[in-house]
Structure formats: C-alpha cells, structure tokens
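Right, one structure below, let's go through it.
What you see is a predicted model, and the numbers here were worked out from it, not measured in a lab. Sequence lines set the chain letters: A, B, ... in the order given, protein chains first and strands last, and positions in each chain run from 1.
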Amino acid sequence: MNDDIILDIQNITKQFPGVTALSDVYMQIKRGEIHGLCGENGAGKSTLMKILAGVYPYDSYEGDVYYEGRELRLEGSSIRQASEEGIAIVYQELTLVPDMTVGENVFLGKEPQENGFINWNKLYADTRDILSRYKLDVDPHAVVKNLGVGKQQMVEIAKALSEDAKVLILDEPTSALSEAEVDQLMEILRTLKSHGVTCIYISHRLEEFFRITDMVSVLRDGKVVASQPTKELTREKLVRYMVGREMSRRFPESNRHPGEAIFEVEDLYAEDPNEAGNNVLNGVSFNLRRGEILGIAGLMGSGRTELVMTLFGEYGKISSGKIRLDGKEISPKSAGVAIAEGLSLVPEDRKGHGLVLIQSILANISLPNLNQFASFMRIDRNAELRESLQQANNLAIKAPNLEIPCTSLSGGNQQKVVIAKWLMSDPVVLLMDDPTRGVDVGAKFEIYKLMNELAESGVSIIMTSSELEEVLGMCDRVVVMCEGRSQGTLDIAEATQERIMELATGIVQACED
Amino acid sequence: MSIWNEIAQQFRKNIQTFTIIGALLLIWAFFTLTTGGAYLSAQNFSNLFRQMTTTSFLAIGMVFVIVTGGIDLSVGKAAGFVSVMVAYFQAYIWYNIIPDNPYLAAVLSVTIGLGVGTLIGALQGFVVSYVGIPAFIVTLGGLFIMRGGILLVTQGKTIPANQPGIDVIAQGYLSPTIGWIVAGLIVAFLFFNMFTSRRNKQKYGFQLSSIYLDLIQTVLFALLIIGYVFVVNKYKGVQVPVLLLAVFSVILSYVSNNTRFGRYAYAIGGNREAARLSGININRNIFSIFVLMGFLIGVGGVVLASYVGYGTVAAGEGYELDAIAAAILGGTSPLGGEGTVIGALIGALIMSSLTNGLQVLNVQPAWQYLVKGAVLVLAVFIDVSFKKRSR
C-alpha cells in the first residue's frame, strides 16, 4: 500500500431498494491533492460521499474503504466518528443556524467547556485562529443570517476544519456563489492545499475542475468511468465521460426571430419591503421583444433576483417607473395580479419558492392553474390530471406517475416540474431566475432546448444566471445590472465576458455608492 | 394487475388510515372483553357516537387550521361561549318575546349561535392574517377572553337550554323507518357516484381501476352504513347530531380535495412561499379558514348546548385539547400541509371510545386523562415508525 494514498476506495457497491446507487466503485485519493468528482445528478456522487462521511454505516454497503492505510469502519449514525477521524464534509445546502454567531456555529456540538459551562472566550479565540489560519475573512462575532452566501460558505468550511480535518469534502460549494465569490473560494482551497488538507471537490461547473483540481474522477450510473490527472483532460472529454455520448455543443442551436417589443420597463425604482427607504432597484430600463430570450447579468447583489421578483409583484415596492405589457401599463402588486396579466416566474430557490415538496407532482403542476378547471364549488380532477399529464410528458419528467411527491425527484426533474407548472399557465412573458442552478449537464441541455422552443413559439423569456457563459450562450440580448441599476443592453454580437464585467462592476458607467 | 395487487396497493397508499382504524378496533375489542360485552351494546354504542359529536365538529375544523400551519386554542371555550349564548336566548329572551313558539325560538337561537361562532372566527382570523399576529398567540388570548365572556353571560349560574325544539339537535333520534330510508338513499348514492366517476374517467381516456376493486370498496362502505343503522335502530334510532356530523364531514372532506379553497390550504401549509408565488392570496385564504373554523365552533356550541341541556360555566372546558388530539391522531401533521377530515373523525372516535370505555369500567377520571395522553403519544410514535420503515 502506497502511503501517499490517504483514501483508497475499493469495489464499493451500495444498493437501495430497487436501485443500485454505486456498483464496484474504486477511487484512490492522494494526500494533499484536490480531487474533483463529477457526474450527472443521480450518478452516485452524493451516495459515495455519504459513505465516507458515515451517513451510511460500513455494513450497509459492500466493499472496503481504506483510510490512512487501515480499513475505515464507520458505525451506524456515525457522522461524529467520521469527523473525529478527520473526514469533514461541507454539504451543498448550508447547514448553519442563522440566528447564531459565526463562532457558535463553528463549534456547534463541540463547545469548549469549563466546569460544565461554555468557555466563550476560548470559543471565539479558537474560531479566530481557524479563520485566520486558512485566510477566511469573517468576523467570529457576526450573526450568520447577516452574512452573504459566500461568507456563509466560509463559515461552513471553518466549521468542517475546526476538528483538524485531513480530508475535506465539498459538495457543490459554488452552486450559490457569484463569480467573485468563486474566485475567493478557489483561493481558500489553494490555502488549504498548502496546509496539506486533502480535498474532494464536487461541482457541476466543469471549468472549476480545470482551475483547481489535480485529478478528476467521473461517475456515471454508479460506476467510475474515468479517473485521470486534470492536465490530461479537456472539457469535451469530461462531458463525454459524464453523459456517455458526444455532446459537441453546450447550448442547443436555435432559429428564432424576435418580433416587436412587447414588454417594456422604464426607469423602475423599488424599495426593500422590509426596510423603507432602502432602494433595491435604482432605475431599471429595458425592453423585451416577442419571442426573445433576454439575459439579465450582474454580480451577486446587483439586483437580478430583486428585479424579476419585483416584476412578478412579490418583492420590491415600486416607487416610480412604468411597466408596460403589450402597450398597456400594468402594476403587478402581487403574484396573483402578475399571473393574470400573463407573467410567470420560475424562481431561483426551487425548494424554498418553487415547489411544495411534500405534495405530488400533480398538485404542484396544477397549483397556479386550478382556475382553468375549477368553478367555485368544484375542481374537475380528470381535466386537471389530463392537462398535467400533457405538460409532464412534454417536458419528459422522469417519474412512474404524477402521484409521487416531489421530494423523491432529482434536482433536474424538480426544475422540470416548476417549469411545467408555469407553462400550463400559458405565459406571455416567462421570467426565469437562474433556471439551471444545481441541475446536471444533461438536464441543463434539455432546459435550454425547451427555452429555445418556447421562444420560437412566441413566448418572451427573461432569464438571469449566475454563470456568464450561460447568458452568452442562450440570450439574444443582455441587460447588465449594477447596484440595482441597468447599465445598458448589449446585443449578443457585441457582448463578451469582458464587456459585461466592465458594465457590471461599474467601470464604464459610474455607479453611485 | 390482479385484484389482490390493487388491494395491496390501496392498502399501502392509505397505511396511515388503516393503522388508526386498526387501533380503534383494538380499543373496542379491549373494552368489549373487559366489560363483558356491555361496551358494544346497542345503547352504549349509540351513546358513544353521540358523545363524540361536539369535539368532532371542532376537530374537522381544526384539521383545516393545522393544515395551513396554524392552530386554534380557543375552540373549546369559544364553543362553550356559543352554548351559553344559546342557553341565554332560550331561557331569558325568547321566553319573553315569543313564549308560544318554541320551534321558532330554537331556529333563532341556532342562527344566533352560528352567527356568534362565525364572528369569533372572523375576528381571530382577521388578527391572524391581516394584522399578522401568530395564531398561537391570538387564539390563546381568545381562550382567556371566551372564558371571561362565559362568566359575563352566565353570571356564574347555570342556564337551562332543554326546551322543546332545541333539544332535538343533540338528543333527537330518527325513527327506525326514516333511518332506513336515509341509509338506503346514501347507499344508492354511493353506487351512483361510483359509476359516474368511472364513466367520467373513461370519457377522459384514463385507465380504470378494476371494477371489482371499486365494487368491493363501495360495498364495504354500504355495509358499514347498513350495519351502523341496524345497531342504533336497536336502541332509539339514528342520532340527529351524528347525522349532522356526517353531513358536515362529507361536505368538508369534499371541499378539502375538490375545491380551490381546500387545495390552497394544503399548499399554504406545505410551503407558504411557493404558494404565494403561485398567485395564491395567503391572507385571504387563512382568514377564510378561520371563518370556517368559527362556523364550526358555532355548530359545535349549539350541539353542546342541546347535548348538555344547560349553559354552564364549565362549558367547553378542555375541548380544544380533544380537538387537536383528534386531528393529530388522525394523521394531521402539526407542521402543516397534511391531514384529512376522515382521519380527524376517526381520531375523535378513538378519543371518545377511550373516555366512554373507561367510564363504563368505572375508572377514576384521573386515569382517563393518563390513558388518553399515553395513547396519543403512542399512536404518533407507531405512525412515525411505520413511515420510517416504508422509506
């Protein structure tokens, strides 16, 4: 056994009732490397990581895991044991307590004690040490809910490192981060590496593997299909390994011809509903043409989400400005009004805002559309089922029937349910807030294709994205936002990453503080 | 698919309902054995169902409140308040104005009772939804206020409400013949409903479940109804309050599944933000839920007045706990988003079966409470472990 190998995964097979999640998986992870792990949703990445983290105990799977040269045997519900061994995991969804401080979160469950009482001074001093050792720029006394997602991620990492982790697993750490925050995270990972921490890095953003990892392993349908040094890989190769077929284009081709302007926003100002006087929109103007896909680009905090939510009547309090649909001025005061006017919104936070997870696919798809089949007294359940089935089939939602709850669907399929529910309402303007967030490559492509088809059929789409490439690949024109203001609209022909960043950072057109 | 497979599938889908029905049968079996059969005698059986009606009205409303993620702690005392109001009008007001017309008096009293209940619900609902104070706090306050209201109305005295007319509501019985006619109509409707539902599905081109499965279901329901009428007819006949409860339960069960109002309630409880972004007016819906709860408080209060025959200071004491327990026993999730009217009814039946059984056995009241509390927690524990295993 080579003692350069810190984690040696041998022939792991994990069965769930009716499904083989992992079959004969092997993987060797060298000490001090950053090892990328990629694969489509449902490929088995999370299952494998849960085995390493002790969520699934050692007798629930076949095969062996060798850690530091000896067999790793984590007992049932032994997440604690895994972290004592030095294996820590940062989950995709943040697991911090929002009302506690950074220090309290970092030491949650392992607070330093003295005579049965918590030694607060030691807790905060230790937190500060961890934060500064790994160059994490966060105040130990800050309350977590007041921090941005990027900083929260840092707290999450500090929490994982507070027990001298030797192996740190990062499960899609960047899915909620802006480009600048991703840069910061990359910097942190390099610091960790220089301290000898081994990282397993899971992501859907393939370019990140090329920026940071030494090795990349690819899982497909529960099997390892490749495990190679990053420098021998290309983007095309990675995608091919993941989907198992050639995917020459990342974005599907489209043949659309946007018509006349149908939706116009003129000098829109809106206040934060929770904080009067605080403007979230500071003058937004743009127009949208029939059958066009218009991108909204901007850094985190530039007001992308606030803009679409305000247009949908559910966030900002409009203080001045005009919104016109088909030449007629509208004032969306609530989602109900916006829907009646012909707007639909695929929200950014699928689980929090898009779906009632405990309910069935059917109930979710029909929720905003019950008016179509209901009189005051009665819902025509047969009509409801027929229409919902049609939408589900159109979008190729993978499910045995529409009665199963959305909790049991993968991220990509959940997003399709959200889209289905809004297509059924037959929108004129479809607002899509980061529609492919946390969705795997294959499902992304399907969503892109669907967006193109919709635009070709005359639906006008406004999309935001945390990935600039996506905006550039999908849109006809791009509106760039900075601090709640629209900095201008670029035609796709003149839009480049550099040009957009210039506008987004306010270099070109001055942005007031 | 064979019929057995379909039955098994139905069973798995409704495992929660079957678990609680199983618990009910166990409790009945236990008391029948320990009382030497007296428990399931026609008389006791009839009383058992009559006893559960007041809390059941509250429980089927509570399902809607809890499903939307709320709670109503005031329902017991509010129903008590309605009952003393009804008694007050019966004993002091109508007696002076229309002394010779007891039935008109009863109708007026019932109207006032329903109105007062609805008003209480509307007021609390307004504060919860439009003012934005949590339901727990508003209805806790409501509980105190109703207690005060009862004292104000009764002045600490007991007011008779056993006049002819009003007494029919909770103490009346249908004559056996009418009982059989009602049962016949219901059974006919069950079959009619089964065939129209199949025909409608066919019209839409959906695959039908096996006709035998539907037949078995319908026949089972029909047998239950016929059996019930058969037993209660051996005593005095179908109880008027139970018939009322059945009517309300069927309506509300239908409302919960087949109207926008019902569906929105589940969506709001399941994920309030997703419901809001789907264009649902959250405040208006929650307000409506409390108005519905208030109306049922009115019904429960009227039945209570008639059942006891008096308006008393202690009216409705602790009924909110029975109502909440019944809803939870019946599978309503305390977190919102899940729950059924039928479940709550069975939950209420379990609670009153326990009370009744222990009374027949002459067990001290102290033990009755201990047993009820333990059964509630035990039932939820069993339910949770079932769900864990099926996952």
Side-chain angles (χ1 to χ4, degrees), chain A residues 16-17 309 312-315 332 334-341 343-347 349-360 362-371 373-387 389 403 405-408 418 421-422 425 431 433, chain B residues 9-10 12-14 67-69 132 196-209 251 254-285 288 331-333 335-339 387-391:
Chain A
F16 289 111
M309 290 290 263
F312 199 59
E314 279 298 334
Y315 181 71
S334 70
V337 176
I339 294 166
E341 296 284 2
L343 268 59
S344 283
L345 169 73
V346 174
D349 179 358
R350 178 166 61 235
K351 291 181 178 168
H353 293 156
L355 293 171
V356 185
L357 281 174
I358 56 168
Q359 289 196 331
S360 66
L362 175 67
N364 272 287
I365 293 181
S366 63
L367 184 60
N369 309 304
L370 288 177
N371 292 349
F373 341 98
S375 59
F376 175 72
M377 292 295 289
R378 195 175 90 86
I379 294 170
D380 184 345
R381 308 216 34 179
N382 289 317
E384 178 194 3
L385 180 60
R386 184 184 57 188
E387 299 296 314
L389 266 175
E403 294 298 329
C406 291
T407 32
S408 54
V418 179
K421 104 182 202 186
W422 287 117
S425 71
L431 307 165
D433 196 0
Chain B
Q9 204 181 14
Q10 281 295 317
R12 269 196 302 274
K13 221 166 114 188
N14 300 307
V67 157
T68 50
T196 42
S197 144
R198 286 181 72 89
R199 187 144 16 90
N200 277 334
K201 276 193 187 150
Q202 219 157 19
K203 218 158 48 185
Y204 279 92
F206 294 139
Q207 211 190 341
L208 293 174
S209 53
I251 294 174
Y254 182 85
V255 164
S256 72
N257 288 317
N258 295 297
T259 65
R260 277 174 285 175
F261 174 77
R263 295 283 290 271
Y264 289 170
Y266 287 91
I268 290 170
N271 185 343
R272 188 179 279 238
E273 288 311 308
R276 190 195 307 284
L277 288 175
S278 298
I280 295 168
N281 188 331
I282 309 280
N283 288 343
R284 195 174 64 202
N285 273 282
S288 315
T332 306
S333 161
L335 304 173
E338 289 174 294
K387 275 189 184 157
K388 253 192 202 147
R389 202 176 320 155
S390 70
R391 229 165 243 156

Exercise: identify the closest heavy-atom pair between B/Arg276 and A/Ala335: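 That closest heavy-atom pairing would be O-CB, 3.3 Å.
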
B/Asn271 side chain vs A/Lys351 backbone, donor-acceptor pair below 3.5 Å: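 Side chain of B/Asn271 to backbone of A/Lys351: a pair is present.
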
Which residues share a side-chain contact (heavy atoms from CB on, under 4.5 Å) with A/Leu362, sequence neighbours left out: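 In terms of side-chain contact (heavy atoms from CB on, under 4.5 Å), with neighbours along the sequence ignored, A/Leu362 is linked to A/Ser360, A/Glu384, A/Leu385, A/Ser388, A/Leu402, A/Glu403.
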
Which atoms of [X] come close to chain B, meaning under 4.5 Å heavy atom to heavy atom: side chain ones, backbone ones, both, or neither?
{"X": "A/Ser366", "answer": "side chain"}
{"X": "A/Asp380", "answer": "side chain"}
{"X": "A/Ala383", "answer": "both"}
{"X": "A/Leu370", "answer": "both"}
{"X": "A/Ile358", "answer": "side chain"}
{"X": "A/Ala340", "answer": "neither"}

CA sep, side-chain torsions, deciding dist, call: B/Asn258, A/Arg381, side-chain contact (heavy atoms from CB on, under 4.5 Å): CA-CA 7 Å; B/Asn258 295 297; A/Arg381 308 216 34 179; 2.7 Å; yes

A/Glu341: partners by side chain to side chain donor-acceptor pair (under 3.5 Å), with sequence neighbours left out: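 Listed in chain order: A/Lys328.
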
Separation of A/Ile339 CD1 from B/Leu277 CG (nearest 0.5 Å):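 Rounded to the nearest 0.5 Å, the CG-CD1 separation comes to 8.5 Å.
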
Spacing of A/Gln359 atom CD and B/Glu338 atom CD [to the nearest 0.5 Å]: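 Output value for this atom pair is 9.0 Å.
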
B/Arg272 atom CZ, over 12 foreign heavy atoms within 6.0 Å: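 No, because the 6.0 Å sphere around CZ of B/Arg272 holds 12 heavy atoms or fewer from other groups.
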
